[in-house]
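A, B, ... follow the sequence lines: proteins, then strands. Residue 1 opens every chain.
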Amino acid sequence: MKDLRSKINDIAKRRGIFWNSYEIYGGVAGFYDYGPVGANLKKNLLDLWLEEFVYRDGLMLIDSPVIGPEIVYRASGHVDKFADFMVRCKSCGHAFRVDELIGEFVEIPDALSPEEMNRVIREKNIRCPDCGGELTDVEEFHLMFSTRIGLDKVGFLRPETAQGIFVNFPLLYRINREKLPMGVAQIGRAYRNEISPRQGVLRQREFNMAEIELFVDPEERFDDSRIEDVELPLLKMDGEFIRLSAREAFEKGIVNAYMAYYMARIMRFLEKIGIDTSRVRFRQHHREELAHYSKDTWDCEIELSRGWVEVIGIAYRGAYDLEHHMQYSGADMRAFRKFKEEKIVKRRKIVPRMEILGPMYKGKAKSVAEVLEGMEAPEEKVELKVEMNGSTYTIPEDAYDIVEEERKVSGERFIPHVVEPSFGIDRLIYAILEHTYYEREDSGYKVLRIPPRIAAVKAGVFPLMNRDGMDTRAREILDILRKNGINAYYDDSGSIGRRYARADEIGVPFCITVDYQTLKDGTVTVRERDSTEQKRVPVEKLPDTLRNLIEGRISFGELDAHVR
RNA sequence: GCGGGUGUAGUCUAGUGGUAGGACGGGGGCUUCCCAAGCCUCUAGCCCGGGUUCGAACCCCGGCACCCGCACCA
């Protein structure tokens, strides 16, 4: 008995959903092609995602490059945190992280160069902790793919699409008319040079992500009326598993309002794409497994044949990213928070009188005055002393004035916090396949019960037989459907049952059959995948009817009333 | 990357040194054919590269891929 995973992979390859890339050259681990069915499935899934998460909430969609200069990934922390120095045991082959091995001998292991690490290992005679064997030289392992930009600039392939959003924050903030919360979304590929990717399509070196960065004011309350009433399965950091509504989870302080909002939206979304939500949970990360940028992360996990798999992550990234980009780039990554009422700030400040200081200190006068301006104004006018470059300059009391200044302050600048829901698209697609797969009880035929909305192909058009004009009529109908924007295909090979079976296997929700009656009264049969029931529909009503069925405006059961 | 296992048409599989067989699928045809029916017919394979041998799918070495375990997994 084959396991579910082999069955899915079998269908995926045979029917054009996905397969391992570069097969004619033996294949390369961690890279997958989407075939004609998979590519459409992915496209439909992303369209729904855009609708559900981007357009619905008025977020901005952007598209930034895959390759970024080194500085970006230094700022983001990936160059440091995404690289490990490793050694291997020459006899048992086990791999170890150098910082862990030399940690007890060196204060800050990460600060050492590889050569210094090698020296420490040799001097302290560190050997394999498992078998005592000799260790290899230190090698650096980078989880990021590196490349060159032009002749000699180091570039990296992005390990997440997020940085492309962060680096554009100032511009996007202005485009959004300087309003928070501000959500920015990006769909694209990201790259991680995994040491040994297994688990097929679940762990790839090049993969598809759909990410949202929601920039928020940490002092502003989220409008929690937006949290939908959806039951959430929560596995807390402390190991407790509870089911409770998103609202309750928020009110009890288990998750913050943003998390609760997105968790609820995610549950709804998963339901729409065919995931069995009884096999979904949100798992909170333990402190030690949090990414370097994250304060709190909940993974949305889906139970697959291989156990629970992380498919979506919601990370509370705080101000980490913007802060770092501000540091590294010098750009102002802050937002402006208006006070409810303007504040009047009174300040006493020193105003140098240059007509006195000028002749007194000549060329130095200007810099002396600058230091003087920065000093605290004294209660009464006295002689002041300015220390500068080791010399002391005396400022007589008539060489400055004390001015009372009143300034209106209408707000303050701050670095927004970021909430990041991040969707692993390939994993989501695989999960859809596993959760929608079933075998018919009577015949054992394989079916993917993919919701019509995201199914790759919406309809198959079959002539019952290739004769008496049924074939030409069927081709005409195919043409009509295609011209109406319905992705349909034609199949006249094999028996009619075989054609239904072929359609079921890639989740085609509706099959149109042209039979003898079509020639007489202009109706065709529409066969629904899941029930295998058939209903007759006049050809002229077919495009509308199908579109209504696909969009879920009517159910198959309501079809009779609808076409009458 | 290490240890173990596996690799034969698109898929599943038989074949232990004498030159590959089946099933399913796929294409064409026949059959008034509505749930992989039947019949005829075609299609297509020893993962790649070296070695041993008169001769290798089979034995040996290397590589690649997949599976299990270890390590790794923002």
Assign [X] to base, sugar-phosphate, or nothing according to its heavy-atom contacts below 4.0 angstrom with the strands shown.
| X | result |
| --- | --- |
| A/Arg440 | nothing |
| A/Glu505 | base |
| A/Arg15 | nothing |
| A/Glu23 | nothing |
| A/Asp515 | base |

Between A/Arg427 and A/Tyr500, name the one whose nearest nucleotide on RNA chain B is closer to the 5' end.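 Whichever sits nearer the 5' end wins; that is A/Tyr500.
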Relative to the 5' end of RNA chain B, which residue comes earlier, A/Pro159 or A/Ser493, by the nucleotide with the nearest heavy atom?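 Residue closer to the 5' terminus by nearest nucleotide: A/Ser493.
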Round to a whole Å and report the spacing from [atom1] of [X] to [atom2] of [N].
| X | N | atom1 | atom2 | result |
| --- | --- | --- | --- | --- |
| A/Glu528 | B/C35 | CD | P | 17 Å |
| A/Asn9 | B/C12 | CG | C1' | 15 Å |
| A/Arg14 | B/G26 | CZ | C1' | 11 Å |
| A/Ile496 | B/G38 | CD1 | P | 16 Å |
| A/Asn20 | B/C66 | CG | P | 6 Å |
| A/Ile24 | B/G49 | CD1 | P | 13 Å |
| A/Arg203 | B/A71 | CZ | P | 13 Å |
| A/Arg502 | B/C33 | CZ | C1' | 14 Å |

Knowing that exactly one of A/Tyr316, A/Phe215, A/Tyr320 qualifies, which makes a ring pair (Phe, Tyr, Trp, His ring centres under 6.0 Å) with A/His417?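 It is A/Tyr316; the other options fail the test.
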Scan every strand shown for a Watson-Crick or G-U wobble partner of B/A9, both distances under 3.5 Å, and answer none if you come up empty.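 Its partner: none found.
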Taking atom types as they are modelled, would you say the side chain of [X] forms a donor-acceptor pair with the base of [N] within the 3.5 Å cutoff?
| X | N | result |
| --- | --- | --- |
| A/Arg527 | B/C35 | yes |
| A/Glu194 | B/C73 | no |
| A/Arg5 | B/C67 | no |
| A/Tyr445 | B/C35 | no |

Please find out if less than 6.0 Å separates the ring center of A/Phe53 from that of A/Phe423.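 Yes, the ring centres sit under 6.0 Å apart.
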Taking the six-membered ring for Trp, are the ring centroids of A/Tyr32 and A/Phe207 within less than 6.0 Å of each other?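 Centroid distance A/Tyr32-A/Phe207: not below 6.0 Å, so no.
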Check whether more than 12 heavy atoms from other residues, nucleotides or ligands sit under 6.0 Å from atom CD of A/Glu476, and answer yes or no.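 Count over threshold, so yes.
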Quick one: is the NZ or CZ of A/Lys446 closer than 6.0 Å to the six-membered ring centre of A/Tyr438, and within 45° of its axis?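 No, A/Lys446 does not sit over the ring of A/Tyr438.
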Is A/Ser495 close enough to B/A37 that one of its side-chain N or O atoms is under 4.0 Å from OP1 or OP2 there?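 Yes, within the criterion.
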